[in-house]
Protein chains: 2
Amino acid sequence: MAEHEESRCENCIIRELNSLKALKKEELKAISDSKVSRSIKKGEALFKEGEKLGGVYCVRNGVSKLSKISDNGKDQIVKIASKGEVLGQRSMISEEGTNLSAVALNDMEVCFIPKDQITGRIQDNPAFTQAILKHMAHELKIADDFIVNMAQKTVNQRLAEVLLYLSTTFGTDEEGYLVLILSRADIADVVGTATELCIRTLAKFKKQGLIETKGKRIKILDQSGLEKLKDGFQ
Amino acid sequence: MAEHEESRCENCIIRELNSLKALKKEELKAISDSKVSRSIKKGEALFKEGEKLGGVYCVRNGVSKLSKISDNGKDQIVKIASKGEVLGQRSMISEEGTNLSAVALNDMEVCFIPKDQITGRIQDNPAFTQAILKHMAHELKIADDFIVNMAQKTVNQRLAEVLLYLSTTFGTDEEGYLVLILSRADIADVVGTATELCIRTLAKFKKQGLIETKGKRIKILDQSGLEKLKDGFQ
DNA sequence: CGTTGTATTGATTCATCTCAAAGGTGGTGG
DNA sequence: CCACCACCTTTGAGATGAATCAATACAACG
């Protein structure tokens with residue numbers, strides 16, 4: 001019976017990770033009836049910057065990069081979103097086109113939830129609105145910190161920070177390698193530097209015994225070393 | 001009679017500029033009864049990063065810089081707030097200490113509104129919550145754009161952008177000089193560079209006929225020239 | 001009219017970008 | 001299983017951008 005399918009929002013554990021947990025059972029059922037599941041292949045775009053979205057995407061599996069192309073043509077990754085994140089939420093609330101592009105870093109499964117389901121709940125469920133508000137306030141803090149980092153820290157510091165972030169956020173496998181595997185170009189786009197410098201800096205970290213690499217994969221050997229680096233003790 | 005004092009929130013035009021306009025008359029009266037007016041002298045801090053705030057500040061007059069000190073000791077200005085802005089809102093919502101310091105760039109008049117007045121209205125006035133949410137979504141977009149700019153643009157481009165921003169946001173006087181006068185150090189802290197480079201770049205702009213200076217004051221001569229610069233046409 | 005803080009300039013060093021080329025890797029079809 | 005192609009990584013070297021330190025010039029202010 002539909003009541004117990006795992007594909008129903010009411011039964012989806014993912015929603016515990018985001019603002020949707022503030023919704024009541026009936027509301028979730030309504031959302032579930034109108035949502036559409038979608039598979040996104042690695043490299044495909046969920047949406048591109050400027051696009052008008054008809055709803056939001058709730059990430060069930062996989063990881064997406066949120067990036068924007070600057071006026072001089074280089075891509076900057078602003079955020080990496082994974083399981084539980086709701087994409088397109090911000091642009092829907094401020095009623096604009098999306099500010100960022102979302103591209104899958106590996107194969108993804110997402111649920112598309114039509115706009116009116118979300119705006120409707122924002123209208124009539126204060127607890128939901130407050131949950132989103134709180135989440136967005138937190139995002140804003142992170143963004144402010146990011147600004148300061150980009151503006152004031154060196155590539156060395158930023159790369160160290162990104163490696164630590166990838167480790168704590170996505171974890172490591174049995175061998176100690178970072179689970180989320182990014183191309184050097186993507187890492188560079190997070191750090192905000194040229195791919196070559198990113199590679200050279202990784203090589204330097206390796207020489208210093210801070211990390212180890214195996215193809216694209218990266219293993220952190222000396223976490224506290226990276227932490228010192230990130231805070232500016234060269 | 002108190003009903004018609006201009007110091008009453010109900011009669012304060014400032015609130016039209018921010019989320020407080022979503023409040024009802026009775027709610028404004030309650031806020032007005034508990035608010036405290038404060039004068040801040042140029043250079044004084046409204047609050048410092050990490051501080052726990054007992055409420056928010058609504059700016060009635062003057063301008064404040066919101067900045068944060070990075071791990072390597074340099075200050076980065078993240079935002080410039082003026083009339084109508086509510087400061088401390090974000091940290092109150094996410095129930096943390098403030099992430100940024102607020103320092104007056106000129107003499108200010110602010111109203112301090114106790115925390116429970118705001119959180120109370122967020123609890124019981126959905127229109128208010130939605131107004132804040134929408135505002136915060138917009139702030140987040142601005143922050144993301146800022147990240148991309150800091151990460152990908154040169155000092156040249158960023159400085160051009162800041163000058164245009166100061167012009168459109170705070171305007172110019174009869175002679176065409178920017179109304180908001182910042183020290184070179186503050187401009188550098190917005191741009192995210194060293195004061196010397198900021199000065200040198202301003203000198204370059206002057207030589208190119210884009211701007212004119214008179215002491216601290218800056219006059220934009222060629223707006224479209226700056227716009228081209230900002231977009232990377234050197 | 002000095003004093004203080006800010007603005008300006010020069011010279012040097014360091015960080016980062018860019019272009020160009022060489023080396024790897026994985027996937028695909030024969 | 002091998003050969004080939006496309007794509008990604010790595011390295012080199014040179015040009016440019018930006019930070020830094022030190023010294024001088026201004027401007028505001030009492």
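Residue numbers begin at 1 in each chain, while the letters A, B, ... track the order of the sequences. Not measured: the values here are computed from a predicted model.
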Can you check the [X] [atom1] to [N] [atom2] distance for me, whole Å?
{"X": "B:Lys207", "N": "C:dT9", "atom1": "NZ", "atom2": "C1'", "value": "11 Å"}
{"X": "B:Leu229", "N": "D:dG17", "atom1": "CG", "atom2": "C1'", "value": "15 Å"}
{"X": "B:Lys214", "N": "C:dT6", "atom1": "NZ", "atom2": "C1'", "value": "19 Å"}
{"X": "A:Leu182", "N": "D:dT9", "atom1": "CG", "atom2": "P", "value": "10 Å"}
{"X": "A:Lys42", "N": "C:dG26", "atom1": "NZ", "atom2": "P", "value": "12 Å"}
{"X": "B:Lys153", "N": "D:dA18", "atom1": "NZ", "atom2": "C1'", "value": "18 Å"}
{"X": "A:Ile181", "N": "D:dC8", "atom1": "CD1", "atom2": "C1'", "value": "14 Å"}
{"X": "B:Leu202", "N": "C:dT9", "atom1": "CG", "atom2": "C1'", "value": "14 Å"}

* **DNA chain C contacts among residues 184-200 of chain A, heavy-atom distance under 4.0 Å** => A:Thr193, A:Ala194, A:Glu196, A:Leu197, A:Arg200
* **Main-chain N/O of A:Leu164 paired with A:Thr168 side-chain donor or acceptor, under 3.5 Å** => yes
* Compare side-chain N and O positions of A:Lys74 against OP1 and OP2 of C:dT18 and report whether any pair is under 4.0 Å apart. => yes
* Report the end-to-end axis angle of the helix from C:dC1-D:dG30 to C:dG30-D:dC1; each axis comes from five terminal pairs, and the value is rounded to 10°. => 40°
* Compare every heavy atom of A:Ile113 with every heavy atom of A:Cys58, then report the nearest pair and how far apart it is. => CB-CD1, 4.4 Å
Is any side-chain heavy atom of [X] closer than 4.5 Å to a side-chain heavy atom of [Y]?
{"X": "B:Leu202", "Y": "B:Leu163", "answer": "yes"}
{"X": "A:Glu109", "Y": "A:Ser37", "answer": "no"}
{"X": "A:Arg217", "Y": "A:Thr213", "answer": "no"}

* Taking it one step at a time, do B:Glu139 and B:Arg90 satisfy salt bridge (charged side-chain N to carboxylate O under 4.0 Å, His left out)? -> CA-CA 10 Å; B:Glu139 291 271 292; B:Arg90 196 214 57 76; over 6 Å; no
* To do: Would you indicate whether A:Lys83, at its atom NZ, is surrounded by more than 12 heavy atoms from other residues, nucleotides or ligands within a distance under 6.0 Å?
  => no
* To do: Quickly, which of B:Asp189, B:Thr195, B:Val191 forms a side-chain contact (heavy atoms from CB on, under 4.5 Å) with B:Thr193? Name it, please.
  => B:Val191
* Structure fact -> Scoring nucleotides 24-30 of chain D by protein non-hydrogen atoms under 4.0 Å (B base, S sugar-phosphate only, - none) yields -------
* Asked: So does A:Lys68 pair up with B:Asp145, basic N to acidic O under 4.0 Å?
  -> yes
* Any salt bridge between A:Glu196 and A:Arg184, counting N to O under 4.0 Å? -> no
* Of B:Lys153, B:Gln152, B:Gln157, B:Lys230, which meets side-chain hydrogen bond (donor to acceptor under 3.5 Å, both in side chains) against A:Asp71? -> B:Lys153
